[in-house]
Amino acid sequence: MLYYFLFPLAKYHTIFNVFQYITFRTIYAAVTALVLSFLLGPYFIEKLRALNVGEVVRTYVPSGHGQKQGTPTMGGVIILLVVLISVFLWGNLSNMYVWLMAFVTVGMGLIGFIDDYSKVVKKKKGGMRAWVKFFWQVVVALVAALVLYYLKFDTVVTIPFLKDVRFDLGPFYVPFTVIVIVGASNAVNLTDGLDGLAIGPMIISAATYMLFAYLVGNLKISNYLHIMYVPKVGELSVFAGAMVGASLGFLWFNTYPAQIFMGDVGSLSLGGALGTLAVFTKQEALLVIVGGIFVVEALSVICQVASFKLTGKRVFAMAPIHHHYELKGWPEPKIIVRFWIISIMLALLAISTLKIR
Ligand code: 57M
């Protein structure tokens with residue numbers, strides 16, 4: 001919004017020129033989201049406490065989780081709010097990708113909100129049925145995928161490190177997009193089981209895609225780097241910047257020992273947003289590296305369930321994998337920080353694909 005009101009003033013004073021630059025708006029989108037989170041966080045946590053919106057910890061948990069009972073949850077509401085305000089202030093709202101990003105983020109958030117609400121407020125055990133949740137996630141992702149397809153979005157998929165390998169998926173790009181978005185949304189949800197475990201890699205992944213959005217959206221740079229140029233997608237670095245700021249602000253309160261959890265409203269929406277960023281920047285396959293922690297968490301569940309069904313034996317002491325390390329006796333902060341370190345290494349590896357191909 002500031003872009004509309006302040007950039008035209010450049011004819012009176014050159015200082016207003018800064019509002020046209022994506023880099024400037026990205027930085028301030030992140031700063032705005034961070035400051036808003038700091039300001040709203042304590043008020044929101046107090047409100048949740050007063051309303052008794054506290055986590056109901058399952059009984060089948062590694063010891064230590066019992067003391068988390070009653071921790072305020074649904075902190076994702078504040079993340080969503082802060083991202084939207086920041087994008088509204090700093091984004092170019094005539095950009096269609098910004099609206100599609102907002103649609104997926106809010107759509108997934110709404111599904112998570114209804115699930116959290118039924119669990120925490122209505123005290124319905126287990127919340128929304130898994131298949132109902134999955135169905136609506138697919139609907140949200142499908143709407144975005146179909147809009148993209150009818151807007152003639154490039155359906156070619158490239159593979160990291162392999163310059164000459166390209167697949168044109170044609171109409172199959174639609175289900176592919178749905179898989180990426182819904183997969184990312186659920187993988188982040190599965191990861192969100194220790195304090196700061198999901199939000200840390202989310203900051204790192206969103207920051208990586210913030211960089212990629214800027215690069216692929218810039219004709220000169222993308223030509224220089226020989227990466228696919230995606231017109232208008234540069235604006236998404238402002239969106240990703242807001243995600244980084246809001247996630248950092250949330251980590252302030254979610255770090256061990258957590259004062260608040262994000263709930264499904266946070267994990268489903270942030271995961272969906274990350275998947276959408278991967279699609280819009282045409283770096284879909286790169287998400288396996290950038291979001292490697294989320295991928296491993298989801299794979300650990302798939303392996304555990306498959307192995308148990310087929311052989312009756314477990315691969316991990318407990319899935320998702322962070323519970324395995326808990327049961328092995330690693331203290332919670334050690335698991336969390338080590339996962340963050342791996343996430344940083346993966347982000348660096350992903351960035352290196354710009355040169356190693
Ligand atoms: C989300 N949610 C946390 C919080 C958070 C198929 C199966 C593997 C599914 C999986 C599952 O349900 N995962 C979904 C996991 C929960 O956190 C809430 O949920 C939100 C995210 N959706 O924001 O509101 C608990 O996680 C802990 N937590 C923190 N700090 C945080 O910042 O400590 C969360 C955020 C919180 C808190 O204790 O209550 C969750 O784990 O429930 N199911 C599982 O993960 C279960 N695994 C399992 O049953 N494994 C089996 C099979 C099925 C694979 C096996 O290995 O044999 C585990 N869940 C829990 N304990 N709680 C089992 C042990």
Side-chain angles (χ1 to χ4, degrees), residues 45 48 53-80 108-109 111-121 125-131 133-134 137 184-203 247 250-272 294 296-328 330-333 335-337 339-340:
I45 294 171
L48 288 172
V53 181
E55 180 76 19
V56 185
V57 176
R58 304 177 203 212
T59 39
Y60 171 53
V61 286
S63 60
H65 282 256
Q67 67 204 42
K68 293 169 188 268
Q69 179 77 27
T71 305
T73 185
M74 296 179 80
V77 171
I78 198 168
I79 302 178
L80 264 181
M108 294 293 185
I111 299 167
F113 182 90
I114 296 170
D115 187 26
D116 286 336
Y117 191 82
S118 67
K119 267 188 283 198
V120 182
V121 181
K125 205 164 171 273
M128 205 192 246
R129 279 165 200 250
W131 70 266
K133 204 156 118 179
F134 183 72
Q137 284 181 298
S185 181
N186 286 320
V188 172
N189 187 29
L190 287 172
T191 309
D192 191 26
L194 297 179
D195 301 351
L197 187 70
I199 205 73
M202 179 53 64
I203 295 165
S247 302
F250 182 72
L251 177 61
W252 186 269
F253 304 104
N254 180 232
T255 191
Y256 182 84
Q259 292 162 268
I260 188 168
F261 297 154
M262 68 170 87
D264 281 27
V265 54
S267 57
L268 294 187
S269 60
L270 284 175
F294 305 128
V296 168
E297 290 271 3
L299 283 180
S300 70
V301 172
I302 293 169
C303 290
Q304 181 88 328
V305 175
S307 162
F308 194 75
K309 285 209 167 138
L310 295 173
T311 68
K313 289 198 182 100
R314 286 187 163 81
V315 183
F316 303 100
M318 193 187 277
I321 198 164
H322 53 263
H323 289 312
H324 175 82
Y325 291 111
E326 275 191 292
L327 292 177
K328 287 249 171 266
W330 291 24
E332 185 173 344
I335 305 171
I336 299 158
V337 175
F339 276 40
W340 290 353

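Atoms within a ligand are numbered from 1 in the order they appear, just like the ligands themselves. Keep in mind that this is a model prediction, so the values were computed, not measured.
- Residue L190 approaches ligand 1 through these ligand atoms, each under 4.0 Å from one of its heavy atoms: 9 (C), 10 (C), 13 (N).
- The residue from H323, R314, H324 that puts a heavy atom closest to atom 59 (N) of ligand 1 is H323.
- Atom CZ of F316 sits in a crowded spot, with more than 12 heavy atoms from other residues, nucleotides or ligands closer than 6.0 Å.
- Each of the atoms 27 (C), 33 (O), 37 (C), 38 (O) of ligand 1 lies under 4.0 Å from some heavy atom of H65.
- Under the 4.5 Å side-chain criterion, counting only non-hydrogen atoms from C-beta, D195 is in contact with E332.
- Counting atoms of ligand 1 from 1 in the listed order, those under 4.0 Å from a heavy atom of P320 are 44 (C), 45 (O).
- Proximity of D195 to ligand 1, defined as any heavy-atom pair under 4.0 Å, is shared by backbone and side chain alike.
- Proximity to M262 (heavy-atom distance under 4.0 Å) selects the following atoms of ligand 1: 23 (O).
- Under a 4.0 Å heavy-atom criterion, A258 is not in contact with ligand 1.
- Counting heavy atoms from C-beta outward, L194 and I335 have side chains that approach closer than 4.5 Å.
- Close approach to N254 involves these atoms of ligand 1, each under 4.0 Å from a residue heavy atom: 32 (O).
- Taking a cut-off of under 4.0 Å to the non-hydrogen atoms of T73, the atoms of ligand 1 that pass are 24 (O).
- Contact atoms of ligand 1 toward D264: 20 (C), 21 (C), 22 (N) (distance under 4.0 Å to a heavy atom of the residue).
- Every atom of ligand 1 is numbered from 1 in the order shown, and the set under 4.0 Å from a heavy atom of S267 is 21 (C), 22 (N).
- For E55, every heavy-atom contact with ligand 1 shorter than 4.0 Å involves the side chain, none the backbone.
- Shown are E297, Q137, K133; of these, the side chain to side chain donor-acceptor pair (under 3.5 Å) with N186 is made only by Q137.
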